[in-house]
2 protein chains.
Amino acid sequence: MGASKAGNFTEKQNDIALMAKAMGHPARIAIIEFLLKADTCICNDIVSELPLAQATISQHLKALKNAGLIKGNIEGNSICYCINEKNMIKLQSYFANINFKMTQKKECC
Amino acid sequence: MGASKAGNFTEKQNDIALMAKAMGHPARIAIIEFLLKADTCICNDIVSELPLAQATISQHLKALKNAGLIKGNIEGNSICYCINEKNMIKLQSYFANINFKMTQKKECC
DNA sequence: AATCTATAACGCAATATTACGATAAAGATT
DNA sequence: AATCTTTATCGTAATATTGCGTTATAGATT
């Protein structure tokens, strides 16, 4: 088919997958890293920073926004993008809570 | 095009993106969660657990293995899959090290 | 008002993903 | 050796992603 059978999984699984998927492209990782370290978060600065066309960056920003990982705010002529901390923390926590103790009990691998 | 311009980004960015991408599907999230909590990690148990065809699960396992997030070991007739802790910890650390202090200084969003 | 600047949306081509039935391969069981 | 069990691979259809040129849109500047 090509469409993921999201209905078969829990809301949380779908939620985390959506955010992880958004982080699943080097350009979007680079955008997030830029937003984390930059003094400004004007869209145009991202376009200048990355080796991709403006249209492509805009698309990646849309994907990150759709996943809830960034927010955009109109700032006069341009748009200011920022990390959406609430959701980024959710993703962060998900990974932080992965516990390997159970795994270590097994001997198969 | 459809092919990501991975050459334009750092090795780490590509690496993290590859792993995040692997986590970017609810079925693969479910597989990882199953491996974390299950007593066994036999491939067939995953197939029984998830609402997807065996061929599809096999494909997802391949994606996770390719990203380095799981390992597979032949166990007689069947295959034992386990979390690849080394790389899972890498992904975990990446998110753990995200620091929002810089972000909070900004007022745009 | 005309023009500039910044960003999103449209349209398209190339490629990748998702899903699954069917088949292959390889070890286990009879 | 024939069969069963388990898993990977192949082929295929549907859909999604990636990238970009081009075009809209909307606020800023002249």
Side-chain angles (χ1 to χ4, degrees), chain A residues 1-9 13-14 17-31 35 40-67 70-82 108-109, chain B residues 1-9 13-14 17-31 35 40-67 70-82 108-109:
Chain A
M1 311 206 165
S4 81
K5 297 171 79 174
N8 291 316
F9 302 98
Q13 285 170 338
N14 285 319
L18 183 69
M19 290 192 282
K21 188 177 182 181
M23 297 294 282
H25 190 288
R28 292 193 293 262
I29 293 280
I31 289 171
L35 289 182
T40 68
C41 47
I42 299 300
C43 174
N44 194 248
D45 295 337
I46 303 170
V47 173
S48 316
E49 182 84 356
L50 298 200
L52 292 168
Q54 180 269 323
T56 306
I57 305 275
S58 183
Q59 217 170 237
H60 283 306
L61 287 168
K62 193 178 172 185
L64 286 167
K65 200 172 171 186
N66 182 247
I70 62 172
K71 291 186 282 190
N73 233 43
I74 296 169
E75 190 96 349
N77 202 10
S78 45
I79 295 192
C80 171
Y81 278 108
C82 297
C108 53
C109 304
Chain B
M1 310 205 165
S4 80
K5 296 171 80 174
N8 290 317
F9 302 98
Q13 285 170 337
N14 285 317
L18 184 68
M19 290 192 282
K21 189 177 180 178
M23 298 293 282
H25 190 287
R28 293 194 293 264
I29 292 280
I31 289 171
L35 290 182
T40 67
C41 47
I42 300 302
C43 174
N44 193 248
D45 296 336
I46 303 170
V47 173
S48 317
E49 181 85 356
L50 297 202
L52 292 169
Q54 180 269 322
T56 306
I57 305 274
S58 185
Q59 218 170 237
H60 282 306
L61 287 167
K62 194 178 173 185
L64 286 166
K65 200 173 173 186
N66 181 248
I70 64 173
K71 292 186 282 189
N73 233 42
I74 296 169
E75 192 95 347
N77 202 10
S78 45
I79 295 193
C80 171
Y81 277 109
C82 297
C108 53
C109 304

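Throughout, a chain's letter reflects where its sequence line sits, starting with A, and its residues are numbered from 1.
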Undergrad: Please state how far atom NZ in B/Lys62 lies from atom C1' in D/dT9, giving the value in whole angstrom units.
TA: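 The answer, rounded to whole Å, is 7 Å.
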
Undergrad: Toward the 5' end of DNA chain D, which comes first, A/Ala27 or B/Ser58, by nearest nucleotide?
TA: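 Result: B/Ser58.
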
Undergrad: Answer yes or no: is there a side-chain heavy-atom contact under 4.5 Å between B/Ser78 and B/Ile42?
TA: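 Yes, side chains in contact.
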
Undergrad: Determine whether B/Leu61 and B/Tyr81 make a side-chain contact, defined as any pair of heavy atoms from C-beta on separated by less than 4.5 Å.
TA: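 In contact.
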
Undergrad: Grab the CD-C1' distance between A/Glu75 and C/dA8 for me, whole Å please.
TA: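 Result: 18 Å.
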
Undergrad: Looking across every strand, which nucleic acid part, if any, lies under 4.0 Å from B/Ser78 by heavy atom: base, sugar-phosphate, or nothing?
TA: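 The residue B/Ser78 makes sugar-phosphate contact but no base contact.
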
Undergrad: Can you find a pair of side-chain heavy atoms, one from A/Ile46 and one from A/Leu35, that are under 4.5 Å apart?
TA: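 Result yes, sub-4.5 Å side-chain heavy-atom pair found.
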
Undergrad: Without decimals, in angstroms, what is the distance between A/Leu52 CG and C/dT7 P?
TA: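 So the CG-P distance, A/Leu52 to C/dT7, works out to 16 Å.
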
Undergrad: I need the CZ-P distance between A/Arg28 and D/dT18, as an integer number of Å.
TA: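 From A/Arg28 CZ to D/dT18 P: 4 Å.
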
Undergrad: Between C/dA25 atom P and B/Ile79 atom CD1, what is the distance in whole Å?
TA: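 Distance check: B/Ile79 CD1 to C/dA25 P gives 15 Å.
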
Undergrad: May I have the distance from B/Leu18 (atom CG) to C/dA16 (atom P), rounded to whole angstrom?
TA: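 Rounded to whole Å, this separation is 14 Å.
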
Undergrad: Could you tell me whether B/Ala55 contacts a base, only the sugar-phosphate backbone, or nothing, with contacts defined as non-hydrogen atoms closer than 4.0 Å?
TA: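 Since a base atom lies under 4.0 Å of B/Ala55, the category is base.
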
Undergrad: Counting only side-chain N and O atoms of A/Asn77, is one of them less than 4.0 Å from OP1 or OP2 of D/dA26?
TA: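 Checking A/Asn77 against D/dA26: no side-chain N or O falls below 4.0 Å of OP1 or OP2.
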
Undergrad: Tell me what B/Ile57 touches on the nucleic acid: a base, only sugar-phosphate, or nothing, going by heavy atoms under 4.0 Å.
TA: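 If one applies the 4.0 Å heavy-atom cut-off, B/Ile57 turns out to touch nothing in the nucleic acid.
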
Undergrad: With the side chain counted from C-beta on, respond yes when B/Leu50 and B/His60 share a heavy-atom pair under 4.5 Å apart, and no when they do not.
TA: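 Answer no - side chains too far apart.
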
Undergrad: Below 4.0 angstrom from OP1 or OP2 of C/dT17, is there any side-chain N or O of B/His60?
TA: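 Checking C/dT17 against B/His60, no side-chain N or O comes under 4.0 Å of OP1 or OP2.
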
Undergrad: Think B/Thr56 has a side-chain N or O under 4.0 angstrom from the OP1 or OP2 of C/dC20?
TA: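 Yes, because at least one side-chain N or O of B/Thr56 sits under 4.0 Å from OP1 or OP2 of C/dC20.
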
Undergrad: Respond yes when some side-chain nitrogen or oxygen of B/Tyr81 is under 4.0 Å from OP1 or OP2 of D/dT6, and no when none is.
TA: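 Looking at the OP1 and OP2 atoms of D/dT6, neither is under 4.0 Å from any side-chain N or O of B/Tyr81.
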
Undergrad: As a test of reading the structure: which of D/dG21, D/dT18, C/dT7 is closest to the side chain of A/Gln54, going by heavy atoms?
TA: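 Per side-chain heavy atoms of A/Gln54, the pick is C/dT7.
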
Undergrad: Grab the CD1-P distance between A/Ile70 and C/dT7 for me, whole Å please.
TA: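 Rounding to the nearest Å, CD1 of A/Ile70 and P of C/dT7 are 12 Å apart.
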
Undergrad: Remember a base hit wins even if backbone is also touched, and classify B/Ile42 as base, sugar-phosphate or nothing at under 4.0 Å, heavy atoms.
TA: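 The residue B/Ile42 makes sugar-phosphate contact but no base contact.
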
Undergrad: Whole Å only: how far is the CD1 atom of B/Ile29 from the P atom of C/dT18?
TA: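 In whole Å, C/dT18 P lies 12 Å from B/Ile29 CD1.
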
Undergrad: Reckon B/Lys21 touches a base, only the sugar-phosphate, or nothing at all at heavy-atom distances under 4.0 Å?
TA: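 The residue B/Lys21 makes sugar-phosphate contact but no base contact.
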
